[in-house]
Amino acid sequence: MAQDQLQRAQQLIAAGQFAEARAILQSIDHPQVAQLLAMLDQMEQTALQAQQVNEPADPPPPDDDESPADFLARLQDTVDDAEDDAPSPRRASVRTEADGTRVHDDGTYQMLWDCQYCGAKKLLGVTHRHCPNCGATQNPDARYFPAEGEYIAVTDHEYVGEDQICPSCDALNSAKAEFCGNCGAPLTAAARAKVLQSQTRRAGAQFASSGSRDITQEAFDAEMERVGVKPRKEARSGGSPWVRFGIIGIILLIIGGIATTVLWTQETDLFVTGHSWERTIRIDEYGPESDSSWCDSLPAAAYNVTRREEVRSYRQIPDGEECQTVRVDQGDGTFRQERRCQTRYREEPIYDTKCYYTIDRWDFSRTAEIGGESREDAPRWPPITLNCAGGSRIGCEKESGRSEDYVLYLRNRENDNDYQCSVEQALWQDAGIESRWTMEIGGVLGDARCNTLARAN
Ligand SMILES: [Zn+2]
Ligand SMILES: [Zn+2]
């Protein structure tokens with residue numbers, strides 16, 4: 001619980017909401033909280049003074065150069081010591097990204113490299129700009145991440161960008177350098193050192209070393225790929241290109257099949273062979289029905305009401321955090337490691353009172369239907385008798401809707417295929433027995449496309 005509160009207080013302080021943060025802190029039972037509150041007071045006062053002088057509020061941290069936010073981060077670490085698996089000698093700042101991810105800086109360490117001339121292994125990216133054994137210049141393409149437990153920290157590292165490679169002599173230079181330290185050539189057009197892809201692991205897991213690299217093989221592979229002799233890595237990992245072409249081909253066939261089924265039709269000559277019609281009246285009845293709703297929207301006419309507590313919604317409660325560790329090659333012989341954490345949430349039900357009740361209202365009761373098999377049997381509405389028509393007592397009935405359907409029966413005289421179509425009453429009335437019509441028939445399924453039905457010329 002204390003951990004959640006600390007987290008919340010930390011966010012509030014970062015947002016400058018000192019009063020809320022103080023309220024939360026005061027509720028925490030921890031010996032160091034008093035000290036923290038004092039720091040917070042001082043910070044707030046400084047911010048206030050800065051405002052009065054009409055300057056942007058940017059309060060300097062109190063006496064010792066640790067801000068309350070940092071202090072909180074440290075305090076939190078003592079609370080959740082169990083999760084502390086970072087190799088960092090000193091947990092530095094925490095920043096929060098736009099999506100709420102808290103990024104803990106776990107320090108900067110040296111990349112490793114192997115000398116390709118004398119075979120010396122696990123040389124350090126920053127310390128050994130040249131091979132200590134044979135003096136060869138460090139090749140940035142040979143850098144790799146160390147295994148965990150083999151980390152060598154770089155303290156007070158100022159990151160200025162990826163190293164530059166001198167276009168004249170291939171010497172490795174800092175990103176800050178304007179001229180090559182080895183030959184003096186200007187570095188304006190110098191290539192930057194390539195960086196490895198960042199690596200990510202879950203809390204509790206271990207990074208392995210990507211190990212020594214075979215630069216000659218990598219350069220050869222890259223060149224082969226460039227001239228198109230070898231398939232790209234992506235293609236290899238996604239299975240053979242022929243398998244992929246096969247899958248794409250099958251998908252295209254299916255799409256083609258569907259398109260043909262829908263689109264391919266044949267115009268067909270048809271004769272009318274018969275008629276039918278049907279008319280329906282829908283009847284509602286007024287009467288008691290069971291229903292339920294949240295009691296805050298209980299209808300006034302409800303009766304026999306019983307109440308029950310039920311889950312109405314859920315609220316999101318912060319419940320610890322989910323962390324991943326990432327290491328990022330910085331291209332200057334170092335990599336930085338950070339712990340990226342997001343708040344985990346659990347759902348907590350919110351209860352409310354549900355009302356179960358009886359209510360009198362109109363609802364569907366029955367239909368009255370009538371139909372005929374020819375035009376001569378003239379379409380008409382079914383006769384209906386409504387119980388206490390016009391009243392709204394229990395058991396009373398009222399009409400609630402009418403529908404009608406007119407069907408033409410058609411035949412293809414060439415193959416004796418029969419079709420039927422629902423049409424407008426006027427067209428149905430007009431279409432005499434043996435009259436000639438045309439209609440599109442589906443080429444694959446032989447289905448009638450009634451919307452294309454037209455009188456033949
Ligand atoms: Zn060497
Ligand atoms: Zn040079």
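All residue numbers in this chain count up from 1 along the given sequence. Read the numbers this way: they start at 1 and go in the same order the structure lists the ligands and their atoms.
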Are there over 12 heavy-atom neighbours, none belonging to Lys354, within less than 6.0 Å of that residue's NZ?
yes
Do Gln110 and Thr127 get their side chains close enough for a donor-acceptor pair, meaning under 3.5 Å?
yes
Check the Zn ion (ligand 1) and write out every protein N, O or S atom at under 2.8 Å, as residue and atom.
Cys115 SG, Cys118 SG, Cys131 SG, Cys134 SG
Partner of Asp329 under side-chain contact (heavy atoms from CB on, under 4.5 Å), chosen from Met111, Gln197, Gln199
Met111
What's within reach of the Zn ion (ligand 2), meaning protein N/O/S atoms under 2.8 Å?
Cys166 SG, Cys169 SG, Cys180 SG, Cys183 SG
Show me the pairs that pass ring pair (Phe, Tyr, Trp, His ring centres under 6.0 Å) and involve residues 309-341, at least two apart or across chains.
Tyr109-Phe335, Phe145-Phe335, Tyr151-Phe335
Answer with yes or no whether the side chains of Glu440 and Thr268 bring together a donor and an acceptor at under 3.5 Å.
no
One should read off an interatomic distance between Glu310 CD and Tyr356 OH, to the nearest 0.5 angstrom, of 3.5 Å
Which residues pass the disulfide (SG to SG under 2.5 Å) test with Cys295, not counting sequence neighbours?
Cys355
Regarding Arg282 and Ser403, is there a side-chain donor-to-acceptor distance under 3.5 Å anywhere?
no
Going by atom types only, do Arg340 and Gln324 share a side-chain donor-acceptor pair under 3.5 Å?
no
